Amino acid sequence: MTSPVTPSNFARSSATRHCFELQVKPELLDEYIARHTPVWPEMLAEIAASGRRNYSLFVGESGRLIGYYETDDDAAAQAYLAASAVAARWESQMGHFFVALDGRPDQAAQPLTEVFNLDTQLTAATKESDAS
């Protein structure tokens with residue numbers, strides 16, 4: 001069993017952070033939120049079984065959706081979910097909520113590039129000061 005990733009041990013773990021963006025159709029935003037309150041228990045189980053953790057979705061009034069999760073092996077997590085009948089069923093019901101989406105939402109989301117992480121920089125600064 002591995003230790004949970006926390007701010008104090010994230011830099012020492014093999015986890016990677018992933019962030020993505022999608023655009024929910026503004027006229028469907030309330031329904032999209034309702035569909036996630038709650039997510040099907042079997043879909044939650046599939047996400048966890050894929051290796052994704054600390055998964056969150058954030059949405060703005062305009063429908064801009066930002067997702068974030070951590071995983072040790074994103075390619076394996078994506079492959080697991082791509083092969084999951086539960087995930088396929090969920091994603092087929094989610095697709096119509098998004099603007100200009102080509103493919104399943106979980107596979108067509110626009111990845112975002114991380115430009116700053118507090119823990120990573122604090123760890124690097126600590127190592128620098130310890131080396132001095």
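Quick caveat, the model's predicted, so the values are computed rather than measured.
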Self-check item: Heavy-atom side-chain proximity of Q107 to Q78 below 4.5 angstrom
Solution: no

Quiz prompt | D102 atom CG: more than 12 heavy-atom contacts under 6.0 Å | solution = no

Would you tabulate the side-chain donor-acceptor contacts of residues 38-49 under 3.5 Å, counting partners in other chains and residues two or more places apart, or write 'none'?
{"unit_1": "E42", "atom_1": "OE2", "unit_2": "R89", "atom_2": "NH2", "d": "3.4"}
{"unit_1": "E46", "atom_1": "OE1", "unit_2": "Y80", "atom_2": "OH", "d": "2.9"}
{"unit_1": "E46", "atom_1": "OE2", "unit_2": "S84", "atom_2": "OG", "d": "2.6"}

Quiz item: Passes side chain to side chain contact (heavy atoms under 4.5 Å, CB included), L57 versus I66? Steps please.
Solution: CA-CA 6 Å; L57 296 175; I66 303 295; over 6 Å; no

Quiz item: Got a donor-acceptor contact below 3.5 angstrom from the S50 side chain to the L81 backbone?
Solution: no

Self-check item: Short N-O contact, R52 and E70, less than 4.0 angstrom
Solution: no

Practice problem: Measure across A87 and R104 and return the closest heavy-atom pair with its distance rounded to 0.1 Å. | Solution: CB-NH2, 3.7 Å

Quiz prompt | side chain to side chain contact (heavy atoms under 4.5 Å, CB included) between T71 and H18, worked out | solution = CA-CA 8 Å; T71 186; H18 299 273; 3.6 Å; yes

Exercise. Give a yes or no on whether L112 and V115 share a hydrophobic cluster (residues Ile, Leu, Val, Met, Phe, Trp, Tyr; joining criterion: side-chain heavy atoms under 4.5 Å apart).
Key: no

Quiz item: Is any side-chain heavy atom of L22 less than 4.5 Å from a side-chain heavy atom of Q110?
Solution: no

Quiz item: Is there side-chain contact between Q121 and T126, with at least one heavy-atom pair below 4.5 Å?
Solution: no

Exercise. Show your working on side chain to side chain contact (heavy atoms under 4.5 Å, CB included) between F98 and V24 and close with a plain yes or no.
Key: CA-CA 4 Å; F98 300 102; V24 177; 3.7 Å; yes

Quiz prompt | Verdict with reasoning, T123 to K127, per side chain to side chain contact (heavy atoms under 4.5 Å, CB included) | solution = CA-CA 6 Å; T123 299; K127 287 180 183 176; 3.8 Å; yes

Quiz item: Taking Q23 for the side chain and S62 for the main chain, is one N or O donor matched with an acceptor at less than 3.5 Å?
Solution: yes

Exercise. For the residue pair F20 and Y69, categorise the inter-ring angle as parallel (less than 30°), tilted (30 to 60°) or perpendicular (more than 60°).
Key: tilted

Side-chain donor-acceptor pairs of residues 25-34 under 3.5 Å, sequence neighbours excluded:
{"unit_1": "K25", "atom_1": "NZ", "unit_2": "H96", "atom_2": "O", "d": "3.2"}
{"unit_1": "Y32", "atom_1": "OH", "unit_2": "H36", "atom_2": "NE2", "d": "3.4"}

